[in-house]
Amino acid sequence: MQKKKTAHNKANETKNANVTARATEKVIVDKKTPEEKKEETEREEVPKSGKAKLISILSAVVLALILIFKPELLLGAINSVATESADGVYAAFIDVGQGDSIFLRSPNGKTMLVDAGTPDSFESIQNVLSEEGVTKLDVVVMTHPHSDHMGSMKRVIDNYDIGTFYMPDAVNTTSSFDRMLSALEKKKVKTKVIWGSAKTTINWDGDVEVRVLSPIKGADYQDNLNDMSVVIKVTYGETSLLLTGDAESYAEELMIASEKELLQADVLKIGHHGSSTSSSQAFLDAVQPKAVVISLGKNNDYGHPHRETMQRLKKLGTEIYRTDELGTVRMLFTESEVRLLKGSK
Ligand SMILES: [Zn+2]
Ligand SMILES: [Zn+2]
């Protein structure tokens with residue numbers, strides 16, 4: 001317990017540093033109408049209403065008092081302030097080297113983790129979760145049983161309370177897969193095998209839609225675990241994020257055939273770390289992303305991202321954010337725009 005407390009305090013310091021750094025770096029996607037923009041400029045010009053002003057003064061005073069008298073409460077206090085000011089879906093594409101792990105927090109404070117990186121990724125994941133004061137993950141999705149996506153899942157299951165755990169109907173013979181299943185069983189985590197369809201959704205936050213688009217039941221993925229990746233689309237207001245795991249061109253083709261109109265998204269987490277076997281031209285044309293995130297390790301053994309993928313993305317004119325260059329990439333999806341947030345690493 002004592003040991004935990006030290007880690008907690010350390011996390012507090014990180015959080016403190018991050019809150020000050022968590023400003024918007026730039027707006028990537030802006031869907032506001034000219035009228036809305038005008039309104040916003042006008043609103044910015046008028047001083048804060050009395051009530052809002054009082055609340056921010058009170059928050060500052062309370063925070064200062066807490067800081068002085070109860071340093072161990074710092075995390076919770078800063079979080080409540082941060083949550084109030086951040087109206088949107090917060091997404092952190094965690095730098096886990098050559099792997100995937102994405103943390104999401106809803107406007108109402110619900111949490112989700114999609115994948116858990118490699119066996120060496122737990123600390124990186126834990127750091128991001130500590131910054132956000134997370135002890136419970138309402139939803140965990142394991143896109144597919146490859147060790148660069150479920151490598152640290154056992155430790156995530158051991159260390160966090162989990163609401164519902166979702167996985168595809170795919171198995172692997174690796175020991176990390178067995179360890180993950182045993183951990184789920186030991187903690188009696190509610191586990192669901194999930195298929196994608198135009199109608200499948202995950203209950204997460206009433207204000208946010210989480211659709212599951214793949215894998216499609218009855219399709220023959222020929223035991224290609226990458227193609228069996230759980231693909232989810234998160235929509236809040238007018239903004240959206242598509243997470244494709246390692247889905248490759250065959251899975252992409254099936255999604256285009258059955259749910260093309262659902263694929264359009266503002267931000268796309270590129271499939272399979274930028275491999276040329278994913279992100280087919282037809283798929284990119286269907287998604288029309290304004291920005292993409294590629295999760296991959298520096299100088300990885302696979303030559304990711306492949307040149308062909310980068311060429312297709314450049315042709316598309318989309319913004320490209322890479323975890324091997326930027327570290328953890330953080331974004332905020334408000335109802336009308338997507339902001340890139342400062343504070344990587
Ligand atoms: Zn894979
Ligand atoms: Zn992978």
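Numbering of ligands and ligand atoms starts at 1, following listing order. On a predicted model such as this, the values are computed, not experimentally measured, just so you know.
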query: Closest to the Zn ion (ligand 1), which N/O/S atom of His146 is it?
result: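 Result for His146 and the Zn ion (ligand 1): ND1.
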When you compare the side chain of [Y] with that of [X], does any pair of heavy atoms fall below 4.5 Å?
{"X": "Phe283", "Y": "Leu268", "answer": "yes"}
{"X": "Val139", "Y": "Asn203", "answer": "no"}
{"X": "His273", "Y": "Asp148", "answer": "yes"}

- prompt: Shared ILVMFWY cluster between Leu284 and Val293, side chains joined below 4.5 angstrom?
  reply: no
- prompt: Tell me, which N, O or S atom in Asp148 is closest to the Zn ion (ligand 2)?
  reply: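 Closest N, O or S atom of Asp148 to the Zn ion (ligand 2): OD2.
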- prompt: If you look at His149, which of its N/O/S atoms is nearest to the Zn ion (ligand 2)?
  reply: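 When I compare the N, O and S atoms of His149, NE2 is nearest to the Zn ion (ligand 2).
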field: Three-point angle Asp246:OD2, the Zn ion (ligand 2), His273:NE2, rounded to the nearest 10°
entry: 120°
- prompt: Do any of the N, O or S atoms of Asn226 sit under 2.8 Å from the Zn ion (ligand 1)?
  reply: yes
message: So, 2.8 Å as the limit: is an N/O/S atom of His144 located closer than that to the Zn ion (ligand 1)?
response: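 Yes, within the cut-off.
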field: Whether His144 and His146 hold their rings parallel, tilted or perpendicular, with breakpoints at 30° and 60°
entry: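 Judged by the thresholds at 30° and 60°, the geometry between His144 and His146 is perpendicular.
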